[in-house]
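As structure tokens, the structure follows; a few thoughts come after it.
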Amino acid sequence: MAARRPTAIGVLPFPVLVMIAPSLLLAAFVILYPVWEILRLSVHEISRFGLVRGFVGWDNFTGVLADPSFRASLWRTLIWTGAVVGGTVLVSVPTAVILNLDFAGRGLARALVMLPWSVSLSMASIVWLWSFNADYGLINTILQSLGLIARGVPWMARPETAFPIEIAIGVIVSIPFTTTILLGGLASIPGDIYEAARIDGAGPLRQFRALTLPLLRNFINIAVVLNIIHVFNSFPIIWIMTQGGPDDGTHILITYLYDLAFRLGKPGPAAAISLIMLAILFAFTFLYLRLQPKDAS
Amino acid sequence: MTRFKRITHLAAAAALSLASMAAAARADTVRITVSFYSAATGPYFEKMAAAFTAANPGHEVKIEVVNWPSLLQKLQTDIAGNANPDISIIGTRWLLDFVRDDLVEPLDGHMSADFRNRFIGTFLKPAEIKGKVYGLPIAASARALYYNKAMLTAAGMPDGPKTWDDVAAAAEKIKAAGGNGFGLMAKGTEVDVYWYYALWTHGGQVIGPDGKAAFNTPAGVKSLAMYKSFLDRGLTEPGPTDYTREDLQNQFKQGRLGMVITAPFLINQINKEVPNLQYGIAPVPTGTNAATYAVTDSVVMFKNSKVKDTAWKFLDFLFSAGPRIEFTKSEGFLPTTKAEAADPYFTGNERLQTFVNLLPNAQFAPTITGWEDTAKAVTNALQSVYLGTATPEAALKKAEDIANQALGK
């Protein structure tokens, strides 16, 4: 990438600029128009149906920032993103390493790991919600037949049980994508360096720590950044399983925003939250990429 | 060369389509959005649309069925995108938002005295704002207590509980026999309403005459403490914050729940799914007085509709005796027109009559701004009490503050 940087728009020959202008304008429109709309919404009082009632300046932002539910949701969003992304990477790295080994049935195992990817997130959430149903859920049935619990546990009744379950489901559905990226990374590592390491007497653990992990670092970075962006904005799991409840105890920013915009009919404050989220996400990603050492080789 | 050719082709095609549009100008297409009440809703409206087209050749009615929980959001985005239907079913309690934004048409101009006289007066009222009627009550329901005959007979109350003390006493016996006594609903929509039954029957109010939140009173605290004590004594299902209305209705159908307060449409569901279930319906238990919740859904006409006359014609047809009786019967609602109420199906239906008899004491959700915020604040308060993270006093105080802010008081 760095080598191509000199060919920025400023030095492009004029005809080229003319030729790419239409698509550039289209892209700008597609990206900038919604941002402009949200900016407009965020500084006005807007009715449920989009009617502008008046300019309110920063009121939507100050109102949102003063709202204890917003602050609780913000904090929970950080926990949610950290736990889901962290958990996903922790599970995906060994999964990818194992799937990269040569063993009988590897194709089948890879297919099985990838399979959840093909199920829509909403469908998966509904199935999980049923699995955790207090009266006839699979989880309670299994635990009861193992004699671990006497009667069905209402898992979704309390935020303390519901939220960790939602995080676990978030991890499960993020594994296929992450594993795919990491498998791509593993495929790019030449096999002979392991051979050399073996000759030098490095055991499997040493090989993993000294070779695999450093060479995989760029791919892990990509996986982390993409997952952060995706998980931070992930809506279906929490909305379908608990709708942010009970007592707003499982809201993350995106579900809280939806609640405000569509249940309570307040597009203005909701737009303010989405701008705050955009800023956080930018900062997050920028910071993370900045913290990574440059010499990946 | 080729470009010129293409342009002429385009022009020809445009002219053609304009011509065909002109030819069809007198045939109106009315778009109506209806909510999914049951599997019978879509087919019913398709049938009515076909009957309407048969009677009014050339006119067409297009039906869109939307799930209740996403209906308001769907209309919200449709309206923002200027793609809303001509008429739609809405929750009557949302009406004020539509009227405030000048989106819906006052219907008085369309209504003849004869048309107005078709309705049972009580049900036309909730959709009236500043003396104008904006919605026609298409569906009405009230709430009563369903009880499992076998369980309540074993508890010594074969006719169901009369008071909240009866509920507690019966639930104790059901609990001892290994069942869930009283269903406490604390997830999803209407969590707030489920507590209003207790609030109202203890003499409390949700919103006072001054438009302020009025639920944080001794009656409010007492009724909430009562629900909490039911929960603590194991008289309800464990973990009510995991139970929606549908979950409780399912438990009731399976004969695992002794008592639950819900709407008349459960009768139809039981008839279809568990016809052998022995159950009765009693009024909402009383504390100091009797009360229930009544709710209507309304059909509104949008101001920007270009086919208002035909749309009204369709509504006139929908609210005639035949279509009304068929709709209310198949969905299990209460009659909103006099013709339905006089039909033998309703007069001879003891179970439905229990609901009808409750109407004089029924409370409707008020059409005020801030009702949804109040509902949410109260719901959060109830959930925090059921979860044991707040006392009834503290939770109601907090909800009162939030509600008053939303109510602009």
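Naming: A, B, ... by sequence-line order, numbering from 1 per chain.
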Report task. Tell me the residues of residues 86-101 of chain B whose non-hydrogen atoms fall below 4.5 Å from those of chain A, in number order. Result -> B:Asp97, B:Phe98, B:Arg100, B:Asp101
Query raised in the report: Does a donor on one side chain sit under 3.5 Å from an acceptor on the other, for A:Asp248 and A:Ser69?
Result: yes
Report summary line: If you tally heavy-atom pairs under 4.5 Å between each of B:Asp78, B:Asp242, B:Leu103, B:Asn250 and chain A, the highest tally belongs to B:Asp242
Query - Region of B:Thr379 that comes under 4.5 Å of a non-hydrogen atom in chain A - result: neither
Report summary line: The single option from A:Tyr256, A:Trp80, A:Phe262, A:Tyr258 that satisfies ring pair (Phe, Tyr, Trp, His ring centres under 6.0 Å) with A:Phe235 is A:Tyr258
Requested in this report: Take the angle between the ring planes of B:Tyr227 and B:Phe230 and call it parallel below 30°, perpendicular above 60°, tilted in between.
Outcome: tilted
Query raised in the report: What part of A:Ala261 is in contact with chain B, defined as an atom under 4.5 angstrom from a non-hydrogen atom: side chain, backbone, both or neither?
Result: backbone
Query raised in the report: For chain A, which of B:Ala406, B:Ala80, B:Pro238 has the most heavy-atom pairs under 4.5 Å?
Result: B:Pro238
Query - Which portion of B:Leu382 sits near chain A, non-hydrogen atoms under 4.5 angstrom - result: neither
Query - Structural part of B:Thr389 lying under 4.5 Å from a heavy atom of chain A - result: side chain
Report task. Please work out which of the three classes, parallel, tilted or perpendicular, describes the rings of B:Tyr146 and B:Phe252, given edges at 30° and 60°. Result -> perpendicular
Donor-acceptor pairs under 3.5 Å, side chain of residues 122-129 of chain A to any protein atom, not counting sequence neighbours: which ones?
| unit_1 | atom_1 | unit_2 | atom_2 | d |
| --- | --- | --- | --- | --- |
| A:Ser125 | OG | A:Leu121 | O | 2.7 |

Report task. Could you tell me whether the side chain of A:Leu253 reaches within less than 4.5 Å of the side chain of A:Ser73, counting heavy atoms only? Result -> yes
Query raised in the report: Which of residues 397-405 of chain B have a heavy atom under 4.5 Å from any heavy atom of chain A?
Result: none
Query raised in the report: Can you name the ring-ring contact (aromatic ring centres under 6.0 Å, His included) partners of A:Phe70, sequence neighbours left out?
Result: none
Query raised in the report: Got more than 12 heavy atoms from elsewhere within 6.0 Å of NZ, B:Lys303?
Result: yes
Query raised in the report: Can you say whether B:Asn82 sits under 4.5 Å from chain A via the side chain, the backbone, both, or neither, judging by heavy atoms?
Result: neither
Query raised in the report: Around A:Trp58, counting heavy atoms of other residues, nucleotides and ligands shown, do more than 12 lie under 6.0 Å from its CH2?
Result: no
Query raised in the report: Hey, what do you get for CZ (B:Arg256) to OH (A:Tyr136), rounding to the nearest 0.5 Å?
Result: 6.0 Å
Query raised in the report: Is there a donor-acceptor pair under 3.5 Å between the side chain of A:Gln243 and the backbone N or O of B:Gly188?
Result: no
Report task. Take atom CH2 of A:Trp117 as the centre, draw a 6.0 Å sphere, and report whether it contains more than 12 heavy atoms from other residues, nucleotides or ligands. Result -> yes
Query raised in the report: With distance as the sole criterion, is a donor-acceptor pair present between the side chains of B:Asp247 and B:Thr244 under 3.5 Å?
Result: yes
Requested in this report: Can you tell which part of B:Glu237 gets under 4.5 Å to a heavy atom of chain A, answering side chain, backbone, both or neither?
Outcome: neither
**Report entry** chain A contact via B:Leu387 - which portion, at a heavy-atom distance below 4.5 Å
**Finding:** both
Query raised in the report: Out of A:Ile252, A:Val85, A:Ile280, which residue meets the side-chain contact (heavy atoms from CB on, under 4.5 Å) rule with A:Phe232?
Result: A:Ile280
